[in-house]
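Down below is the structure, laid out as structure tokens.
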Amino acid sequence: MALPIVAIIGRPNVGKSTLVNRLCKSRQAIVHDEPGVTRDRTYQDGFWRDRDFKVVDTGGLVFDDDSEFLPEIREQANLALEEAVVALVIVDGQEGVTTADESIAEFLRPHSCKTLVVVNKCESPEQGLAMAAEFWKLGLGEPFPISAIHGVGTGDLLDYVITLFPSKDLDEVSDDPIQLAIIGRPNVGKSSLLNSICGETRAIVSSIRGTTRDTIDTRITHHGKQWKLVDTAGIRRRRSVNYGPEFFGINRSFKAIERSDVCVLVIDALDGVTEQDQRLAGRIEQEGRACLIVINKWDAVEKDSHTMSSMEKDIRAKLYFLDWAEMIFTSAITGQRVEGIFALATLAVDQNRRRISTSVFNEVIAEALRWRSPPTTRGGKQGRIYYGTQVATNPPSFTLFVNEPKLFGETYRRYIERQIREGIGFEGTPIKLFWRGKQQRDVERDLAKHQKGSAKQ
């Protein structure tokens with residue numbers, strides 16, 4: 001059984017995201033003094049006493065207006081309530097009961113999950129009880145006075161919430177999931193791709209730029225593997241972004257790249273590669289993340305038998321620094337080849353975590369040296385590679401011990417990387433090479449030690 005889910009429900013600007021951050025001891029949920037900041041449902045991990053659980057934040061509910069995103073926000077709240085064990089209805093104690101609160105109470109009645117009224121902005125425990133008393137009239141049971149920003153009353157609230165969870169021995173116990181971040185410019189189809197992978201509406205899809213603001217985490221199981229899929233805000237040029245919700249959302253997108261195991265870089269097949277796509281690709285390589293390039297909206301492209309190969313050649317020329325990344329052409333709308341993303345992402349993660357023995361690595365280097373010797377200076381001094389060894393994974397990193405690093409120019413260094421990839425693989429992941437100067441006698445001693453260690457393996 002999955003971890004119990006606590007849904008956070010309420011009208012705009014009552015402090016839902018502030019409470020989520022308090023309950024989960026994080027700052028992931030975007031908090032900003034502006035209605036409608038949260039739109040999709042977003043998940044975080046919570047822990048209290050001896051219980052693990054999930055907290056799902058939802059957008060502010062409005063029922064007397066069907067303008068931009070509001071019907072979609074209500075649908076996201078419905079989906080959150082369907083999977084929740086407990087729903088916390090957040091209200092503003094300083095404003096008292098509003099018509100919007102009464103509408104939300106009616107909205108909640110058909111749902112089967114346990115509902116608790118949480119009266120926020122009650123900084124004083126004594127006054128909080130008086131402020132909370134007014135909310136009995138909603139007919140949802142005893143109100144809990146709290147202050148999300150100061151933490152007043154949140155411990156008592158959680159003490160009661162965990163008593164409503166199923167028995168602890170039914171909680172799911174699983175390995176850490178593979179974290180897959182869906183990265184791209186606005187409107188390339190990231191949220192549509194997430195929905196297609198999950199088989200449900202996990203994120204609001206709109207042609208309006210900036211619809212997704214939070215990073216949206218979704219856990220799924222695919223062929224026995226646990227995955228955490230992270231949909232991110234579309235990343236625009238810095239000068240195009242104003243301080244506010246979009247600014248915070250983009251910062252979370254960059255953090256999603258840093259904490260991911262593999263990034264899915266989504267490119268619009270109709271627009272091709274833009275300057276912003278190149279910057280995102282550079283960020284992925286810089287962070288050393290495994291990567292898969294997904295060309296989305298393939299169904300909208302007029303094509304013949306040469307279109308795919310021609311487009312792949314053009315895209316690879318513009319994203320030349322990701323020449324190691326696999327590429328797949330998909331349609332999030334029709335589901336075309338979406339299933340193939342998992343196989344390629346799994347391969348990329350496995351290669352990113354891969355470690356090889358010193359002996360195998362040095363066989364590849366020796367073969368590369370036989371095909372092409374290191375360059376010689378005008379003064380007759382030639383570079384020498386003594387040996388190399390892997391020093392890290394995520395990404396695979398190698399140190400090459402040489403006589404003088406400055407004797408090896410960029411052209412020869414790229415040649416060595418190509419030979420490593422041809423001889424060993426590492427599809428879907430960047431690799432890093434460190435060139436270190438070393439005295440001959442030290443090399444012979446250390447090489448003997450490495451060979452002895454490899455023989456034991």
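Just so you know, these numbers use all the heavy atoms, side chains as well, and skip hydrogens, waters and symmetry mates. Along the sequence shown, residues are numbered consecutively beginning with 1.
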_Run the side-chain contact (heavy atoms from CB on, under 4.5 Å) test on I420 and F426 for me, step by step, so that the C-alpha distance in whole Å, both residues' side-chain angles and the decisive distance to 0.1 Å come before the verdict._
CA-CA 9 Å; I420 292 170; F426 295 114; 4.3 Å; yes
*Say you draw a straight line from CG of N296 to OG1 of T330; how long is it, rounded to the nearest 0.5 Å?*
4.0 Å
*Carefully, step by step, assess N352 and T393 under the rule side-chain contact (heavy atoms from CB on, under 4.5 Å).*
CA-CA 7 Å; N352 190 252; T393 59; over 6 Å; no
*Might you confirm whether atom CD of E134 has over 12 heavy atoms from other residues, nucleotides or ligands at distances under 6.0 Å?*
yes
*What pair of heavy atoms forms the shortest contact from K297 to N187, and how long is it?*
NZ-O, 2.8 Å
_Enclosure of I149 CD1 (heavy-atom neighbours >12, cutoff 6.0 Å)_ = no
*Quick one: do R279 and E275 make a salt bridge, cutoff under 4.0 Å?*
yes
*Can the ring centroids of F342 and W227 be said to lie less than 6.0 angstrom from one another?*
yes
*Note, E339 side chain near H222 side chain (heavy atom, < 4.5 Å)*: yes
*Could you tell me whether the side chain of L229 reaches within less than 4.5 Å of the side chain of I197, counting heavy atoms only?*
yes
_Using the rule given for side-chain contact (heavy atoms from CB on, under 4.5 Å), can you reason through I146 versus V119, listing the C-alpha separation, both sets of side-chain angles and the distance that settles it, and then say yes or no?_
CA-CA 6 Å; I146 69 154; V119 185; over 6 Å; no
*For the rings on F434 and F398, is their centre-to-centre separation under 6.0 Å?*
no
*Whether S192 side chain and I333 backbone form a donor-acceptor pair below 3.5 Å*: no
*asked:* Rounded to the nearest 0.5 Å, what separates atom OG in S260 from atom CD1 in I183?
replied: 6.5 Å
*Where is the tightest heavy-atom contact between A348 and T429, given as atom of each residue plus distance?*
O-CB, 4.3 Å
*Minimum heavy-atom separation for E285 to F321, with atom names?*
OE2-O, 3.5 Å
*Do any N or O atoms from the side chain of T334 and from the backbone of Q336 form a donor-acceptor pair under 3.5 angstrom?*
yes
*Is the centre of the F47 ring less than 6.0 Å from the centre of the F53 ring?*
no
*Ignoring hydrogens and angles, tell me if any N or O in the side chain of T221 forms a donor-acceptor pair with the backbone of G224 under 3.5 Å.*
no
*Closest heavy-atom contact between K16 and I9?*
CD-C, 3.6 Å
*What is the minimum heavy-atom distance between A345 and L292, and which atoms define it?*
N-CD2, 4.3 Å
*K432 side chain near P396 side chain, heavy-atom distance below 4.5 Å*: no
_Exercise: identify the closest heavy-atom pair between C122 and M131_ = SG-CE, 4.0 Å
_Is any side-chain heavy atom of I328 closer than 4.5 Å to one of I295?_
no
*Kindly indicate whether the side chain of V85, heavy atoms from C-beta on, has any atom under 4.5 Å from the side chain of C113.*
no
*Using modelled atom types only, decide if a donor and an acceptor are shared between the side chain of Q390 and the backbone of I356 within a distance under 3.5 Å.*
yes
*Output the distance between atom CG (L265) and atom CD1 (I267), rounded to the nearest 0.5 Å.*
4.0 Å
*Indicate yes or no: at least one non-hydrogen side-chain atom of L158 is less than 4.5 angstrom from one of R51.*
no
*Keeping the roles fixed (side chain from Q94, backbone from N120), state whether a donor-acceptor pair exists under 3.5 Å.*
no
*Kindly compute the distance separating CD1 (I8) from OG1 (T18), expressed to the nearest 0.5 Å.*
11.5 Å
*asked:* For the backbone of R316 and the side chain of D323, can you confirm whether one donor and one acceptor N or O come within less than 3.5 Å of each other?
replied: no
_Any carboxylate oxygen within less than 4.0 angstrom of a Lys/Arg side-chain nitrogen, looking at R413 and E417?_
no
*asked:* Walk me through whether L322 and C291 qualify under side-chain contact (heavy atoms from CB on, under 4.5 Å).
replied: CA-CA 8 Å; L322 292 186; C291 182; 4.2 Å; yes
*Taking R22 for its side chain and A148 for its backbone only, find out whether a donor-acceptor pair lies under 3.5 Å.*
yes
*Can you tell me how far the CD1 atom of I341 sits from the CD atom of E326, to the nearest 0.5 Å?*
13.0 Å
*Under-4.0 Å salt bridge between D261 and K228*: no
*Does a side-chain heavy-atom distance below 4.5 Å link T346 with K225?*
yes
*Salt-bridge criterion met for R185 and D277 (N-O under 4.0 Å)*: yes
_When you measure from the side chain of T154 to the backbone of G151, do you find a donor-acceptor pair of N or O atoms at a distance under 3.5 Å?_
yes
*List the steps, then state whether side chain to side chain donor-acceptor pair (under 3.5 Å) holds for Q351 with R354.*
CA-CA 5 Å; Q351 294 296 306; R354 185 180 172 196; 3.1 Å; yes
_Whether D314 and K318 form a salt bridge (side-chain N of Lys/Arg under 4.0 Å from carboxylate O of Asp/Glu) is what I want to check._
yes
*What distance separates L88 CG from L157 CG, expressed to the nearest 0.5 Å?*
5.5 Å
*Is it the case that more than 12 heavy atoms not belonging to K303 sit under 6.0 Å from its NZ atom?*
yes
*Side-chain contact, heavy-atom cut-off 4.5 Å: F144 with V161?*
no
*Take D101 and T98 through the test side chain to side chain donor-acceptor pair (under 3.5 Å) and record every step on the way to the result.*
CA-CA 5 Å; D101 295 328; T98 67; 3.1 Å; yes
*Would you verify whether the NZ or CZ of R337 falls within 45 degrees of the ring axis of F329 while also being under 6.0 Å from that six-membered ring's centre?*
no
